[in-house]
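A quick write-up on the structure given underneath.
The basis for the numbers below is simple: all heavy atoms, side chains too, and nothing from hydrogens, waters or symmetry mates.
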Amino acid sequence: MIDAWARRASAKIVGSIARVLGHLGLSANVATVSGCAIQLAVGVLLAYGYQRLGGVLLGLGAAFDAIDGALARQMGGATRFGGFLDSVLDRVSEAATFTGLGWWYMTHGDYIVATMAFLAAVGSMLVSYARAKSEAIGVECKVGFFTRLERIILMMVVMIAGWTPIGPWI
């Protein structure tokens, strides 16, 4: 839903940034790994309770995630390895976010929110698995409810606003 609209709305900006980064010699795979590194840092920040800062950095990591594909296209096309790396590191990134939240709430005795954070991680992995499995059997599956972008936007908003416990529930 939001995913397609966001891609269209940001295409020129993302393309411009990708062009500049490409001229500077940054590869799509470096952008992918950098975005994941930022998301891992978000997970650590969340585990220590820095939820607002984590929300802001989640946006920065998402920006790298948006740029890597555009950067690959700018540099002559995506590779199978690059697509694989992006897909795997997207899962690592989401797991880091939800694990960091789960850890924070677990160590502070809020086992219900901790459990919801861990279930949100499992749910996000199942969405990706369902898409990959459907494509493996030849069924196109490009639509769905609550895509990765929508989950990231939700978590950014609730963390920055200070409403973090409701994010995993949604």
| Chi angles and distances behind the side-chain contact (heavy atoms from CB on, under 4.5 Å) call for Met116, Tyr105 | CA-CA 10 Å; Met116 292 310 299; Tyr105 286 105; over 6 Å; no
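- Note on Tyr48 and Leu57: same hydrophobic cluster, where clusters join Ile, Leu, Val, Met, Phe, Trp and Tyr whose side-chain heavy atoms are under 4.5 Å apart, directly or indirectly.
- What you find for Gly82 and Thr79 is that their closest heavy atoms are N-OG1, 2.9 Å.
- Under a hydrophobic-cluster definition in which Ile, Leu, Val, Met, Phe, Trp and Tyr are linked whenever side-chain heavy atoms come within less than 4.5 Å, directly or via other members, Val88 and Tyr129 are assigned to different clusters.
- Residues Phe64 and Gln39 are not in side-chain contact: their nearest non-hydrogen atoms beyond the backbone lie 4.5 Å or more apart.
- Hydrophobic clustering places Leu101 together with Ile170 (ILVMFWY residues linked when any side-chain heavy atoms are closer than 4.5 Å, directly or through intermediates).
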| task | Report the C-alpha separation of Met156 and Ile152 in whole Å, then their side-chain angles, then the decisive distance to 0.1 Å, and conclude whether the side-chain contact (heavy atoms from CB on, under 4.5 Å) test is met. | result | CA-CA 6 Å; Met156 282 173 45; Ile152 288 172; 3.8 Å; yes
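- Using a distance-only test at 3.5 Å, with no hydrogens or angles considered, no donor-acceptor pair links the side chain of Ser87 to the main chain of Gly83.
- Both Leu53 and Val42 belong to a common hydrophobic cluster when Ile, Leu, Val, Met, Phe, Trp and Tyr are linked at side-chain heavy-atom distances under 4.5 angstrom.
- Note on residues 69-94: pairs passing salt bridge (charged side-chain N to carboxylate O under 4.0 Å, His left out), not counting sequence neighbours, are Asp90-Arg148, Glu94-Arg148, Glu94-Arg151.
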| field | Test side-chain contact (heavy atoms from CB on, under 4.5 Å) applied to Val158 and Gln51, step by step | value | CA-CA 9 Å; Val158 298; Gln51 295 173 4; over 6 Å; no
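- Val33 places a side-chain heavy atom less than 4.5 Å from the side chain of Leu85.
- Contact between Ala96 and Leu40 at its shortest, heavy atoms only, is CB-CD2, 3.8 Å.
- Between the side chain of Glu135 and the main chain of Ala132, no donor-acceptor pair closer than 3.5 Å is present.
- The hydrophobic clustering, which links ILVMFWY residues whose side-chain heavy atoms are closer than 4.5 Å, places Leu46 and Val92 apart.
- Atom CD1 of Ile112 is surrounded by 12 or fewer heavy atoms from other residues, nucleotides or ligands within 6.0 Å.
- Between Val113 and Trp104 the shortest side-chain heavy-atom distance does not fall below 4.5 Å.
- When hydrophobic residues (I, L, V, M, F, W, Y) are linked wherever their side-chain heavy atoms come within less than 4.5 Å, the members clustered with Leu126 are Val122.
- Grouped with Val139 in one hydrophobic cluster are Ile137, the linkage being side-chain heavy-atom contacts under 4.5 Å among Ile, Leu, Val, Met, Phe, Trp and Tyr residues.
- Of all the heavy atoms in Gly102 and Ala114, the pair that sits closest is O-CB, 3.5 Å.
- Panel note: side chain Ser124, backbone Ala121; a donor-acceptor pair is recorded below 3.5 Å.
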